[in-house]
Enquirer: 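My structure is below; once you've seen it, I'll send some questions.
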Number of protein chains: 2
Amino acid sequence: MAARTTLADVATRAGVSVSTASLAFSGAGPVSAATRDRVLSAAALLGYVGPDPRGRSLRSGRSGIVGVVLEDRVLEAFRDPIMIAFLDGIAAEVSPGGRALLLLADVGESPHVLSTAPMDAVILVSCSPATTASAETVIRRGMPIVVLGGSVPAELDDVPSVTLDDRAATATSARHLFALGHRDIAVVALPTDIARRPGPLTDERIAACTTAVTTERILGARDVFPDFTGEIATGSYVEEGVRTGHLLLADPSRRPTAIIAQSDLLAAGVIKAATELGLDVPGDLSVVGFDGVRVDHVIDHDLTTLVQPAAEEGRTAGRLVLEQLAGGDVESVAFTCEFHPGGTTAPPR
Amino acid sequence: MAARTTLADVATRAGVSVSTASLAFSGAGPVSAATRDRVLSAAALLGYVGPDPRGRSLRSGRSGIVGVVLEDRVLEAFRDPIMIAFLDGIAAEVSPGGRALLLLADVGESPHVLSTAPMDAVILVSCSPATTASAETVIRRGMPIVVLGGSVPAELDDVPSVTLDDRAATATSARHLFALGHRDIAVVALPTDIARRPGPLTDERIAACTTAVTTERILGARDVFPDFTGEIATGSYVEEGVRTGHLLLADPSRRPTAIIAQSDLLAAGVIKAATELGLDVPGDLSVVGFDGVRVDHVIDHDLTTLVQPAAEEGRTAGRLVLEQLAGGDVESVAFTCEFHPGGTTAPPR
DNA sequence: CTGTTAGCGCATTCAA
DNA sequence: TTGAATGCGCTAACAG
């Protein structure tokens, strides 16, 4: 590994000073076309690709990197298309500035990276108390933070965030079911704690819930149906919808007429479970989802759901980061879900 | 934004020299427990999180970042679970060392990042000629590279890679179909060029194919069936399988008895198309896939397919990177697919 | 328009 | 076991 050629080498070769060479590359200052050409061709000759980011970032104080913190490991996090849409939105907003995304997945496993990784700012995606703890590290580093995804944990109240009207939105779909005549519903909930323990959705579990999104969506259902049963899933996966669906639908004598699933993947799973049990959706069972992810590959229904503008949320999170990096003051942004009445809800038999 | 506290501040506060403070943090050198404690508590007092990565990386020459280059933008790239598995494998291998992944998606759009992003090494995932062009930049930067995913484009022959026996594997599933008695098959191919143009799979298109994976898998089918028709998909998506499936199955008089899909998602789509046309799989049509991704949410079949060890490939790519960073010489690794005989193939009617 | 001068924050020599 | 000095590669002031 030969010694890397540096800007100084290029400058010498071109017969100019280092600072001039620097300006020639950054294009920031006034450099005559002739000198720039000389510098650039000298660089080409020496195989110099451009200023070393290490020196540059030490000097400028900027790395051009935006960290994206995910609670889960990659494999789990990206099973839910909503995550991919978030990330895509962030990338779309941030990349044009020449910035790149540092993926910090499963941060609970190695919290150390948060204090050692070179970044200019951080976006916390769908965080729970587990990640908010490590978020303090980031704050101490003096870096801008934005929280993205669903509701914001109370601990991060003062951090700019991109949120969703989880409660109101869920209440909308609940009212839709109520208006259709449903009185006996069940909820398939997202995880309520970091351990992702499954189990019946009891008042105790609800009270102990540490995941803001889950709580809010439960409250939205409560706003319309004061009383309902439910099951807690271990994550937003189709097979968890199938599992919980079977639990809720197995006993015909205690079978709800409608199920509110807290994600589209869970809803798709519930519908599959219902079909397996010989139930017709929406004839025998109404199902609503949440997210507005397209699940038509999975089920042959047009799912009644709440569409969240995931890509737009991602972009907004990116924008809030950029604005903070530009020195601006930033306000949280709240998005609204749009109710999509599909073909999976109908009056109860 | 107050001036950041530096290691020097901490050292002063602790009444030691900067170098001692440095040692106290890195733990590399001999420091008495007493002094280390003094340094650490001084740091805590000042809210010092740890050495600034900028200074550290300039000095050490290492950023602790591994770049992952994806051809597509995030939204498209991660629609295929195989990509997620790759990334998860890479992260699993690389994270324990405190390293993080820099996601460089849709690099064609902003090739500049490749020469400006702080990285120690780069993994090119499923690259085509489009990305190999920009790979030269990385090579000129003197950074280790590993190519991951499918077959390697000829241009990157000399770069260490993690490959798959695409051709031999496809030949295996083709022989399976042949042994069942199929003589009239069709292929649903992955994109053949960067533009992802769809269309019939003609000899011209095959000859002009710039995607190594696609070519290899076509050749594998050719090894058994010298002659077949086919359609080119615009990507590894279920709906593309549906679309191409309809094209291939619409005309009953020219309907193949079996379809080789170059990915499981495409295969799932083909099966959906067949079902929509009232065909029974495998009764009226046999279908094989490729990848070994679990698509049982999408179709109610146990897909006959070729299982590639995606997570293992990702891990290996990560390992090859780490070994190169450690100064080691590295050999390419070739993986083998395992044929999984599922329930979507049977003798033709 | 170009050159000179200073560090950015840290890890690593080498001495003490 | 600790401290003093040095420079990693670059950019931003300022002076010319």
Side-chain angles (χ1 to χ4, degrees), chain A residues 1-40 42-43 46-64 115-120 141-143, chain B residues 1-40 42-43 46-64 115-120 141-143:
Chain A
M1 193 102 70
R4 266 179 50 61
T5 56
T6 93
L7 190 55
D9 301 333
V10 176
T12 310
R13 195 80 169 72
V16 299
S17 79
V18 200
S19 56
T20 305
S22 173
L23 292 180
F25 271 102
S26 69
V31 181
S32 74
T35 0
R36 183 176 42 248
D37 285 352
R38 214 136 46 80
V39 171
L40 292 178
L46 297 173
Y48 181 79
V49 201
D52 187 316
R54 292 182 282 262
R56 172 204 275 278
S57 77
L58 176 57
R59 179 61 233 225
S60 66
R62 288 272 160 100
S63 61
S115 56
T116 61
M119 305 179 283
D120 297 338
R141 282 180 70 178
M143 298 192 315
Chain B
M1 191 105 67
R4 269 181 46 66
T5 55
T6 93
L7 191 55
D9 300 336
V10 176
T12 310
R13 194 78 169 74
V16 299
S17 78
V18 200
S19 54
T20 306
S22 174
L23 291 180
F25 271 101
S26 70
V31 181
S32 74
T35 17
R36 185 179 39 250
D37 286 352
R38 215 137 43 80
V39 171
L40 292 178
L46 296 173
Y48 181 79
V49 201
D52 187 314
R54 291 182 283 262
R56 171 206 276 280
S57 77
L58 176 57
R59 178 62 232 226
S60 64
R62 289 273 160 99
S63 62
S115 56
T116 61
M119 307 178 283
D120 296 338
R141 283 180 71 179
M143 297 191 318

Enquirer: Measure the CZ-OG distance between Arg56(B) and Ser22(B) for me, rounded to the nearest 0.5 Å.
Expert: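 Answer for the CZ-OG pair, Arg56(B) versus Ser22(B), is 8.0 Å.
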Enquirer: Any side chain to side chain donor-acceptor pair (under 3.5 Å) involving residues 12-21 of chain A? Give me the pairs, sequence neighbours left out, ordered by first then second residue.
Expert: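 For residues 12-21 of chain A, and leaving out neighbouring residues, the side chain to side chain donor-acceptor pair (under 3.5 Å) pairs sorted by first residue read Ser17(A)-Ser19(A), Ser17(A)-Thr20(A).
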Enquirer: Could you check whether any side-chain heavy atom of Pro53(B) comes within less than 4.5 Å of a side-chain heavy atom of Arg141(A), counting everything from C-beta outward?
Expert: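 Yes, close enough: below the 4.5 Å cut-off.
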Enquirer: Can you tell me if Arg54(B) uses its side chain to pair, donor with acceptor, with the backbone of Gly61(A) under 3.5 Å?
Expert: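 Yes; at least one donor-acceptor contact below 3.5 Å.
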Enquirer: Between the opening five pairs and the closing five pairs of the helix from dC1(C)-dG16(D) to dA16(C)-dT1(D), how far apart are the helix axes, to 10°?
Expert: 30°
Enquirer: Measure across Gly50(A) and Phe25(A) and return the closest heavy-atom pair with its distance rounded to 0.1 Å.
Expert: CA-CE2, 4.2 Å
Enquirer: Under a criterion of less than 4.0 angstrom to any heavy atom of chain B, what are the 5'-terminal and 3'-terminal contacting nucleotides of DNA chain D?
Expert: dT1(D) to dG9(D)
Enquirer: With sequence neighbours excluded, tell me which residues meet side chain to side chain donor-acceptor pair (under 3.5 Å) with Thr35(B).
Expert: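 For Thr35(B), the residues satisfying side chain to side chain donor-acceptor pair (under 3.5 Å) (neighbours in sequence not counted) are Ser32(B).
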Enquirer: Protein within reach of the bases, or only the backbone? For nucleotides 6-16 of chain C, mark each nucleotide 5' to 3' as B, S or -, using heavy atoms under 4.0 Å.
Expert: BBBBBBB----
Enquirer: Could you tell me which residues satisfy side chain to side chain donor-acceptor pair (under 3.5 Å) with Ser63(A), sequence neighbours excluded, listed by chain and number?
Expert: Asp120(A)
Enquirer: For Tyr48(B), which of Leu7(B), Leu40(B), Val39(B), Asp9(B) qualifies under side-chain contact (heavy atoms from CB on, under 4.5 Å)?
Expert: Leu7(B)
